[in-house]
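Reviewing the structure listed below.
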Amino acid sequence: MKKLRRLLGLLMAMVMVIGTCFSTSAATITIDDGDVTGATYAAYKLMDVTVGTTKDQQGNDVETYSYTVNSKYSSILQSVTGKSTDAEVIDYISKLTSRSEELNALAESIYAEIGKANLSAEATTTSGSFTNMDLGYYLIIETAVGTLPSGTTDTISVYMLDTAGNETTTVETKESVPSLIKKVEEKNDSVYSSSGTWQDGADYDIGDEVPFRLTGTVSNQYAAYDTYYYAFHDKLSSGLDFTASSVKVYVENGTTKTELESSDYTVKTDNLTDGCTFEVIIDDLKNLQTDVEVKSTSLIVVEYTAKLKDTAEIGSTGNPNEARLEYSNNPYGGGTGYTPWDKVITFTYQLEVDKYSSSGNTLNGAGFTLYKYYASGANTGEWRAVGSEQVYTDGYTFTWEGLDAGYYKLVETTVPSGYTKADDITFTVTASYETNDDDPAFIDLEIEINSGKESISGTPSATESDGKVLIHVINTTGSELPTTGGVGTTIFYVAGGIMAVGAVILLITKKRMGSRN
């Protein structure tokens, strides 16, 4: 009996010691997701952690941690690590470096298997924090994506988190979302250049094929995806007519640009659901027929043209068009996200010519042809007519719509009866607008007369509000030409009169001389 009492006493003492050296407590896990709204997170406790204390050689308390695998996830952890016991799993994970690629890959593999097994999480939150959580080694998953302030849809993220020794732990989510930039090429026909510049605003003539470029990135988690859906959505205004045959798709890796085979993508123009004009769809970026490597640092580029139609908006409103990107955003299941729309604007302008007589009255019957200078080299080029000659028998204002900036020449090719031909007028149209802005605005339109100023009435003007250039042209009457029996006959009359007067004077002089004799 005494031995039994001693044994019970010893056991009680051991329990008290264990209770003193090891303890468990609750933890708070806070998700710092920046400005993301609407995201949902789940916490899976892969291991239990017991925190204890021991004495170091100086007698100071030192925390110790004891891990045991949660039986709920034991088979999954053994499978993804290739280990046969829980102890081997713990040893394997303990040797991985925090925030390393190996640890991230392990987290992704674990979550993929959890999804297959349809296991529920220990806790979920939409408030951005988990409270009263048991200490443990957790897998934190963003199960429902949120939205960034720009409108970009978030991507699914995974994190491995150890709460041992930390009553409060913060997880900073690293949002890695694809982006899209749309640009329009700017090139002045009248100025020689081997290539244009890509920007957010440009101007063109009606009838021109306007070049556009879409550049998208991929997630830095690209390697975690088995398949990767990638689609460009493009919305053109009514003044632009999409040229489907012009579409080309490239993969850019640094300075290397590889064009994809047409079999790698689909250009869709029918049955679109978001108001788009067309979509360029790559069903699986990881399964291309073209021999090219796509990496997390690759750029996917679409280039195409659209014709500026005669129904295009003239002036400062311009012809806006925008695009966005749709992309896979869950490497552990289905789902896609979107970038915000990115806008560019194509501008075009109007030239008006008012024809007056030298007295300031309006003048009918004149005809004008407008020419534009097209540079073919640094010092070479040619003048090409802009449409056909405009001749009015009842009117005096000539209008050319759908012009862009450049060098022009106005020629009076039909002259009203009784008037001389107006001097040719060469002039430069210069436009300014924002070239790097989310919503590029039209700024100013200017005209400079290069020659023929004597044919200009007043100051040529450009109107900013409606994108019109206005020129006033004067026709002067011609000088009166001599007529038959005019000044030539008068000369003979004057000469004859002078001769008659001379004869009379001579006759009188002779008579006086005769009488004297």
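Taking every heavy atom of both residues into account, L236 and T277 meet most closely at N-OG1, 2.8 Å. Across all non-hydrogen atoms, the minimal contact from A312 to T348 is CB-CG2, 4.5 Å. Scanning all heavy atoms of the two residues, the minimum distance from P211 to W198 falls at O-CZ3, 3.7 Å. Nearest heavy atom pair, residue A202 against residue V184, reads CB-CG1, 3.8 Å. Minimum heavy-atom separation, D203 to A431: OD2-CB, 3.6 Å. Taking each heavy atom of K45 and Y73 in turn, the nearest pair found is O-CE1, 3.1 Å.
T81 is listed as a side-chain neighbour of L106, based on a closest heavy-atom distance under 4.5 Å. Residues Y111 and T143 form a side-chain contact, since some pair of their non-hydrogen atoms from C-beta on lies under 4.5 Å apart. Side chains of Y192 and T380 form no contact here, defined as non-hydrogen atoms less than 4.5 Å apart. Counting heavy atoms from C-beta outward, V301 and R213 have side chains that approach closer than 4.5 Å. I281 has its side chain within reach of Y229: a pair of non-hydrogen atoms, C-beta onward, lies under 4.5 Å apart. Contact annotation: the side chain of T227 never approaches that of N287 to less than 4.5 Å [non-hydrogen atoms, C-beta and beyond]. Between L135 and Y65 there is no side-chain heavy-atom pair separated by less than 4.5 Å. Side-chain contact between L260 and I282 is present, with at least one heavy-atom pair separated by less than 4.5 Å.
A cation-pi contact, defined as under 6.0 Å to the ring centre and within 45° of the axis, is absent between K286 and Y230. The cationic group of K182 lies under 6.0 Å from the six-membered ring centre of F212 and within 45° of the ring axis, placing it in a cation-pi geometry.
Judged by distance alone, with hydrogens and angles left aside, the side-chain atoms of D466 form no donor-acceptor pair with the main-chain N or O of G315 at under 3.5 Å. S298 contributes a side-chain N or O that, together with a main-chain N or O of K295, makes up a donor-acceptor pair within less than 3.5 Å. With T85 contributing its side chain and E88 its backbone, the two residues share a donor-acceptor pair below 3.5 Å. S109 places a side-chain N or O within 3.5 Å of a backbone atom of A105 that can act as its donor or acceptor partner. The backbone N or O of V429 lies less than 3.5 Å from no partner atom in the side chain of Y408, so there is not a single donor-acceptor pair. Using modelled atom types, no side-chain atom of T126 and backbone atom of T40 make a donor-acceptor pair closer than 3.5 Å. Here the side chain of N319 pairs a donor or acceptor atom with the backbone of E313 at under 3.5 angstrom. A distance-only check finds no donor-acceptor pair linking the side chain of T305 to the backbone of S246 [under 3.5 Å]. With hydrogens and angles ignored, the 3.5 Å screen pairs a side-chain donor or acceptor of D200 with a backbone N or O of D437. Side chain of N253 to main chain of E293: a donor-acceptor pair is present (N/O by atom type, distance under 3.5 Å, no hydrogens or angles).
For Q57, the CD atom counts as loosely surrounded, since its 6.0 Å shell holds 12 or fewer non-hydrogen atoms of other residues, nucleotides or ligands. Counting heavy atoms of neighbouring residues, nucleotides and ligands inside a 6.0 Å radius, atom CD1 of I181 does not exceed 12 of them. Around atom CG of N379, no more than 12 heavy atoms belonging to other residues, nucleotides or ligands sit under 6.0 Å away. Residue K309 places its NZ atom among more than 12 non-hydrogen atoms of other residues, nucleotides or ligands, all under 6.0 Å distant. Atom CG of D438 is surrounded by 12 or fewer heavy atoms from other residues, nucleotides or ligands within 6.0 Å.
The OG1 atom of T68 sits 11.5 Å away from atom CG of L46, with the distance rounded to the nearest 0.5 Å. Distance check, rounded to the nearest 0.5 Å: OG of S316 to CD1 of I443 gives 12.0 Å. Note that OG of S328 and OH of Y222 are 9.5 Å apart. Values are rounded to the nearest 0.5 Å. How far CE of M160 is from CD1 of I93: 5.0 Å, rounded to the nearest 0.5 Å. Once rounded to the nearest 0.5 Å, the distance linking CD1 of I140 with OH of Y44 reads 10.0 Å. The distance from atom NZ of K468 to atom CG of L403, rounded to the nearest 0.5 Å, is 13.0 Å.
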Between N70 and L77, does a side chain to side chain contact (heavy atoms under 4.5 Å, CB included) hold up when you go through it step by step?
CA-CA 10 Å; N70 186 341; L77 292 177; over 6 Å; no
Working for ring pair (Phe, Tyr, Trp, His ring centres under 6.0 Å), residues F442 and Y349
CA-CA 11 Å; F442 180 80; Y349 317 114; 5.8 Å; yes
Show, in sequence, the C-alpha distance, side-chain angles and deciding distance for T163 and M133, and conclude whether the side chain to side chain contact (heavy atoms under 4.5 Å, CB included) test is met.
CA-CA 9 Å; T163 61; M133 300 291 289; over 6 Å; no
Residues T215, E252; criterion side chain to side chain contact (heavy atoms under 4.5 Å, CB included); working and verdict
CA-CA 10 Å; T215 303; E252 290 188 8; 5.9 Å; no
Should I345 and D439 be marked as a side chain to side chain contact (heavy atoms under 4.5 Å, CB included) after you check the CA-CA gap, both sets of side-chain angles, and the distance that decides it?
CA-CA 8 Å; I345 298 182; D439 189 10; 4.1 Å; yes
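Under the 3.5 Å distance criterion, with hydrogens and angles disregarded, a donor-acceptor pair is assigned to the side chains of E209 and T243. For the residue pair S263/E261, the side-chain donor-acceptor check at 3.5 Å is not satisfied. Of the N and O atoms on the side chains of Q78 and D86, at least one donor lies less than 3.5 Å from an acceptor on the other residue. Residues S237 and N321 bring no donor and acceptor atom of their side chains to less than 3.5 Å of each other. Using modelled atom types, one finds a donor on one side chain and an acceptor on the other under 3.5 Å when comparing S179 with T217.
With respect to Y67, the side-chain hydrogen bond (donor to acceptor under 3.5 Å, both in side chains) criterion is satisfied by exactly one of D91, T50, D162, D48: D162. For the salt bridge (Lys or Arg N to Asp or Glu O under 4.0 Å) with E303, the qualifying choice from K183, K248, K257 is K257, the only one to do so.
Taking the six-membered ring for Trp and the full ring otherwise, F130 and Y138 have centroids separated by 6.0 Å or more.
K55 and D61 are joined by a salt bridge, as a carboxylate oxygen and a charged side-chain nitrogen come within less than 4.0 angstrom of each other. Under a 4.0 Å N-O distance rule, the pair E322/K235 qualifies as a salt bridge. The pair D342-R324 does not count as a salt bridge, with every side-chain nitrogen at least 4.0 angstrom from each carboxylate oxygen.
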